[in-house]
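On a predicted model such as this, the values are computed, not experimentally measured, just so you know. Lettering of chains follows the sequences in order, A, B, ..., and the numbering in each one begins at 1.
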Number of protein chains: 2
Amino acid sequence: MTSRDLHRTVEARLRAVGQLYTRNRRALVEALERAGRPVSIPDLLARRRTLAQSSAYRNLGVLEQAGVVHRLVTDEGFARFELAEDLTEHHHHLVCSTCGSVEDVAVPKSFERYVERSLVRAARRAGFSPADHRIDVIGTCRNCGSANRDRLADNRDRS
Amino acid sequence: MTSRDLHRTVEARLRAVGQLYTRNRRALVEALERAGRPVSIPDLLARRRTLAQSSAYRNLGVLEQAGVVHRLVTDEGFARFELAEDLTEHHHHLVCSTCGSVEDVAVPKSFERYVERSLVRAARRAGFSPADHRIDVIGTCRNCGSANRDRLADNRDRS
DNA sequence: CTTCCTGCAAAAGTTTTGCATTAAC
DNA sequence: GTTAATGCAAAACTTTTGCAGGAAG
C-alpha cells in the first residue's frame, strides 16, 4: 500500500467512527509507518516534541477504535503501537528478552494456514470462539547477541 | 508432577539462587498450582488476606528469577502469573477480548514441532537468536459467548 | 457558531522501593 | 545471633480524565 493510499484509508476509517483526521493523528500514523515496528509512547513523544502526552494516548485510543492501529503489550511495563495488520502485512514479533526491542517478522503463508487451522480446532474444543492469533518469538536480537559475543571475547582475552 | 515433587523442585530452584522457601512463597506456589491458569495479583491477595501486596510483588519477582513462575502481560493493564512451563505442561493461551480472562490450551506435539522449526528458521533469517515462543489465541470465551447469544436472543424476543 | 480536538494539570491504577520489625536458620 | 523476608507506607511510573482554550468544519 502506498503512503497516499494509507492516509486515504485512515481518513475513511476515522470518518466511519465519527472522527476527524487531524494533524496530530496524521503525524502519529506517519511515525508508525516510518518506524515499521512497534513503537512506545515515549518514542512517539520524542519524535514530535509539540505533541502532548495526553493527546498521544487519546489519539492512539481513537485510532485503535477506528481499526487503524494495534496496541500490544510487552513485559516492559508499557504499551507499544503499530499500524493494524490489514494496513501492513500479517506478521509476528521477535521480542528481545535483553533489551525489550520488538521487530516484525514475516512467515510463509503455508505456515499461517496450518497454524490457523490447528489453533481454531484447539480453541473450539475448549468452548472458545477464536478470532485471531498472536505469535511472539522470544530470544536475543542481533545487537544484544553481538554485545554478548563481545563480552565473552573480552573475558577470553583477559584470562 | 505431583504436588510434593513440585514443592521439592521449587525449593531446590530457590536455593540455587540463594533464596528460602518461606510460607508466603509456598502459599503463592500452591495458589498458582490450584488455579491452573494465569492469575492476577488482586486474585492472589484475595486468596490470602494476610499477604502484603509488596510481598506478593517481591516474591513473584524472586520466583520468576528462580525459574518457578512466569509473568505474562495481557492488555488488561496488569500482569498475570503462572507456574513455569517445565513445572506444568507446554501450553498456550486463550485470551478473551471481552472479559480479559486467560485460559490454558494444549496443542498436539506435532504442531509444536512444526511451529518451533518454522519460527527458528524465520527468526535466524532476521539475525535473531530464538529461545522460546508464545502463542495466544484471541477471541471470545464460553461465558462471554453465551452472554452474547443471550443478548441477541433477548433482542429478537423484543422485536 | 457549534462541535470536536488539544494541552495542561491532576487523578487513578499498577508496580517498586525504604525502612523498621519479624521470622528463618 | 545473624541474615533474609515481611508489612506498612510512600514513591515511581504508565495511563486516564477534567477542564478551559483553540482549531476545524
Side-chain angles (χ1 to χ4, degrees), chain A residues 7 10-31 38-66 68-82 100 102, chain B residues 7-8 10-31 38-66 68-82 99-100 102:
Chain A
H7 289 297
V10 170
E11 188 176 0
R13 290 192 188 177
L14 282 172
R15 204 165 35 226
V17 297
Q19 298 278 349
L20 303 173
Y21 198 22
T22 62
R23 262 184 224 144
N24 276 344
R25 291 173 186 176
R26 177 176 279 266
L28 286 170
V29 169
E30 278 169 359
V39 185
S40 68
I41 297 260
D43 283 353
L44 290 169
L45 293 177
R47 291 183 200 203
R48 187 173 169 79
R49 285 313 206 331
T50 64
L51 177 64
Q53 170 179 278
S54 60
S55 295
Y57 280 105
R58 259 194 283 242
N59 283 325
L60 287 166
V62 168
L63 290 167
E64 191 185 17
Q65 284 206 312
V68 173
V69 312
H70 180 69
R71 163 182 310 212
L72 63 101
V73 297
T74 68
D75 39 14
E76 299 164 291
F78 50 80
R80 288 178 178 270
F81 296 83
E82 64 185 353
V102 183
Chain B
H7 290 296
R8 255 205 295 264
V10 171
E11 187 177 0
R13 291 191 187 177
L14 282 171
R15 203 166 35 226
V17 296
Q19 297 279 349
L20 302 174
Y21 198 22
T22 62
R23 261 183 224 148
N24 276 344
R25 292 172 185 177
R26 177 176 279 267
L28 286 170
V29 169
E30 278 168 0
V39 185
S40 68
I41 298 257
D43 283 353
L44 290 169
L45 293 176
R47 292 184 200 201
R48 187 172 168 82
R49 285 312 206 329
T50 63
L51 177 64
Q53 170 179 276
S54 60
S55 296
Y57 280 103
R58 260 195 281 243
N59 283 324
L60 288 165
V62 168
L63 289 166
E64 191 185 18
Q65 284 207 311
V68 172
V69 312
H70 180 71
R71 163 182 311 210
L72 63 102
V73 296
T74 68
D75 39 14
E76 299 166 291
F78 50 81
R80 288 179 178 271
F81 296 84
E82 65 184 350
C99 72
V102 183

Please name the residue in the list B:Arg15, B:His7, B:Arg13, B:Arg8 that meets the side-chain hydrogen bond (donor to acceptor under 3.5 Å, both in side chains) test with B:Tyr21.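 One option only clears the test, and that one is B:His7.
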Looking at every strand, decide which applies to [X] at a 4.0 Å heavy-atom threshold: base, sugar-phosphate, or nothing.
X       : answer
A:Gln19 : sugar-phosphate
A:Ser40 : nothing
B:Arg58 : base
B:Tyr57 : base

Without decimals, in angstroms, what is the distance between [X] [atom1] and [N] [atom2]?
X       : N      : atom1 : atom2 : result
A:Arg49 : C:dG7  : CZ    : C1'   : 17 Å
B:Phe81 : C:dT14 : CZ    : P     : 13 Å
A:Gln53 : C:dC5  : CD    : C1'   : 17 Å
A:Phe78 : C:dT15 : CZ    : P     : 14 Å
B:Arg15 : C:dC25 : CZ    : P     : 11 Å
A:Glu11 : C:dC4  : CD    : C1'   : 15 Å
A:Arg26 : C:dT6  : CZ    : C1'   : 18 Å
A:Leu51 : C:dC8  : CG    : C1'   : 13 Å

How large an angle, rounded to 10°, do the end axes of the helix from C:dC1-D:dG25 to C:dC25-D:dG1 enclose when each is built from five base pairs?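 Computed from the C1' atoms at both ends, the axes differ by 30°.
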Among [options], find the nucleotide with the atom closest to the side chain of [X].
X       : options                : answer
B:Arg23 : C:dC19, C:dA24, C:dT16 : C:dA24
A:Asn59 : C:dT6, C:dG7, C:dT15   : C:dT6
A:Leu20 : C:dT6, C:dC5, C:dT16   : C:dC5

A:Glu76 CD: over 12 foreign heavy atoms closer than 6.0 Å: yes
After noting the C-alpha distance and the side-chain angles of B:Gln19 and B:Val62, does the key distance pass the side-chain contact (heavy atoms from CB on, under 4.5 Å) rule? CA-CA 8 Å; B:Gln19 297 279 349; B:Val62 168; 3.7 Å; yes
With a strict under 4.0 Å distance from non-hydrogen atoms of chain A, what nucleotide opens and what nucleotide closes the contacted stretch of DNA chain D, reading 5' to 3'? D:dT14 to D:dA24
Is the base of C:dC4 touched by the side chain of A:Thr22 through a donor-acceptor pair closer than 3.5 angstrom?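 Under the 3.5 Å cut-off, the side chain and the base do not form any donor-acceptor pair.
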For the student: nearest non-hydrogen atoms of A:Leu51 and A:Leu45, plus distance: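 It is O-CD2, 3.5 Å.
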Give me the atom names and distance for the closest heavy-atom approach of A:Ala79 to A:Arg71.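 The pair with the smallest heavy-atom distance is CB-CG, 4.1 Å.
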With side-chain contact (heavy atoms from CB on, under 4.5 Å) as the criterion, how do A:Tyr57 and A:Ile41 come out once you've worked through the C-alpha distance, each side chain's angles and the decisive distance to 0.1 Å? CA-CA 8 Å; A:Tyr57 280 105; A:Ile41 297 260; 3.8 Å; yes
Residue whose nearest DNA chain D nucleotide is more 5′ - A:Ala79 or B:Val62: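 Here B:Val62 is the residue nearer the 5' end.
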4.5 Å side-chain heavy-atom contact, A:Leu14 and A:Leu63: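 The answer is yes, as the side chains (C-beta and beyond) meet within the 4.5 Å cut-off.
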Within a strict 4.5 Å, meaning less than it, do heavy atoms of the A:Arg48 and A:Leu28 side chains meet? no
Test A:Pro38 against every option in A:Val69, A:Thr74, A:Asp43, A:Leu72 by the side chain to side chain contact (heavy atoms under 4.5 Å, CB included) rule and name the one that passes. A:Leu72
Does A:Arg25 or B:Arg71 map to a spot on DNA chain C nearer the 5' end, using the closest nucleotide for each?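 Going by which nucleotide is closer to the 5' end, it is A:Arg25.
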For C:dA23, does OP1 or OP2 lie under 4.0 Å from any side-chain N or O of B:Asn24?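 So the side chain of B:Asn24 is outside the cut-off, no N or O lying under 4.0 Å from OP1 or OP2 of C:dA23.
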Give, for atom CD of B:Glu64 and atom CG of A:Asp75, the distance between the pair rounded to the nearest 0.5 Å. 8.0 Å
